[in-house]
Amino acid sequence: MGSNGSERTRIVHAGRNPERQSGAVNPPVYHASTILFPTVADLLAPPSHPLETVRYGRRGTPSTFAFQEAVAELEGGDRCLSYPSGLAAITGTFLGFLKTGDHALIADTVYGPTRGVANGLLARMGVETTFYDPAIGSGIADLIRPETKLVFTEAPGSLTFEMMDIPAVAQAAHARGVTVVMDNTWASPHFFKPFEHGVDIAIQAATKYIVGHSDAMLGTVTVKDSHFEPLYKAWEQLGYAAAPDDIYLAQRGLRTLAVRLDQHQKTALELAHWFQSRPEVERVLYPALETDPGHALWKRDFLGASGLFGVVLKPVSRDALAAMLDNMAYFGMGYSWGGYESLLIPAFPEKIRTATHWAAEGPLLRVHAGLEDAADLIADLDEGFARLAAAG
Ligand SMILES: *Cc1c(COP(=O)(O)O)cnc(C)c1O
């Protein structure tokens, strides 16, 4: 398929090869471990390309290859590999590019379990990590040592949504030969094009917006050809194989990514403005808002905002907060996000970060604006604030 169409057209057509699948619109699900070869010569022939030749189920089937082709095209890289979760994609990237004695720089606002990998597995391997302020920009240069191999970014940050100047960080890192990784889950490939802003390796927790229906775990890593080899070796040696049914669900979810994200954005903006108007609210953390400190960077680099944002409340008692959250009609409470449904949970960044101080007096809520009617969601939140006031 050509890659010259507009973004919306590419989301619909990327990775589709109906001529290879009896004309079926969607790539079929291949369940396979053993792949049979007709002759010894075929069995022993080296694969023409690891991401196109089916040789063993673990290394991918046509289901896997079609999905990876689509994600690579939408992120704007050359090659993509799939992983059984977003976190597996992150660990697989670290293990591909870091070895004992190396040093990694990781944003202080990174997804919590990413920090867990750095402080656990990487520390045990003898890889040292420095967490940095996400506002660092080109100042990242001051933290780069001779043994620094990788700068890990995420924008906006998990829980608190601080923006990062990705091009400035990338430029400083590249000047010293350091690889730049980005967790691009929040924006998805639809709202941020990592390779146009200096990123070398782009990660998706496809579990979130790509799958989009809260029913599968999946991760992807997309790279330019220059970074494929080390990534592929680690992926192969770790034995990561994403399940074909989950790949299918992700491929299916991908086709509606643009329309879903447009709606998530619209509803999130409506909810964010409503929160801003409420006396219970201290501030709203969402770079799409003009009042957000990250708005200028977001506007410069991003193509849109997804449905996940934060709300800092004025101080309230734990019981008052529970009275609100325990009784929501439409907002669910649970981890993960990016599905069609709205979610609302308390979050505690002050317990996690080490390089910066989280200085909010009241509790932080993380909101995922789902695809429900915005007026219904606002009514639900309005009743929630009434319960909070009554209990407070
Ligand atoms: C959820 C998430 C991950 C991890 O994805 P899983 O599929 O849950 O392992 C990674 N990064 C970010 C930003 C996430 O929100």
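These numbers come from the heavy atoms of this one structure, side chains and all, not from hydrogens, waters or symmetry mates. The shown structure was predicted, so the numbers you read here are calculated from the model rather than taken from an experiment. We count ligands from 1, going down the list as the structure has it; atoms in each ligand are counted the same way.
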(message) Distance under 4.0 Å to a non-hydrogen atom of Glu154: what atoms of ligand 1 satisfy this?
(response) 13 (C)

(request) State plainly whether the residues Arg16 and Glu73 are in salt-bridge range, i.e. N to O under 4.0 Å. (result) no

(message) Closer than 4.0 Å to some heavy atom of Ala205 - which atoms of ligand 1 meet that?
(response) 2 (C), 3 (C), 4 (C), 5 (O), 10 (C)

(message) Quick check on Arg145: does its CZ atom have over 12 non-hydrogen neighbours (other residues, nucleotides or ligands) under 6.0 Å away?
(response) yes

(request) Could you tell me which atoms of ligand 1, counted from 1 in the order shown, lie closer than 4.0 angstrom to a heavy atom of Met217? (result) 6 (P), 7 (O), 8 (O)

(request) Would you please determine whether Thr114 falls within less than 4.0 Å of ligand 1 on a heavy-atom basis? (result) no

(request) Could you list the atoms of ligand 1 found under 4.0 angstrom from a heavy atom of Leu87? (result) 4 (C), 5 (O), 6 (P), 9 (O)

(message) Among Asp183, Leu159, Thr185, which one puts a heavy atom closest to atom 11 (N) of ligand 1?
(response) Asp183

(request) For ligand 1, note which part of Trp337 has a heavy atom under 4.0 Å away: side chain, backbone, both or neither. (result) side chain

(request) Give yes or no for whether the N/O distance cutoff of 3.5 Å, strictly under, is met between Gly86 and ligand 1. (result) yes

(request) Taking only heavy atoms of Ile90 into account, list the atoms of ligand 1 that are under 4.0 Å away from them. (result) 10 (C)

(request) Look at atom 14 (C) of ligand 1 and say which protein heavy atom is nearest, naming residue and atom and giving the distance to 0.1 Å. (result) Lys208 NZ, 2.8 Å

(request) If you have a sec, work out which protein heavy atom is nearest atom 4 (C) of ligand 1 and how many Å separate them, to one decimal? (result) Tyr111 CE2, 3.4 Å

(message) Checking the N or O distance criterion of under 3.5 Å, is ligand 1 in contact with Thr207?
(response) yes

(message) Between Tyr209 and His264 (judged by ring centroids, cut-off 6.0 Å), do the two rings come close enough to count as a pair?
(response) yes

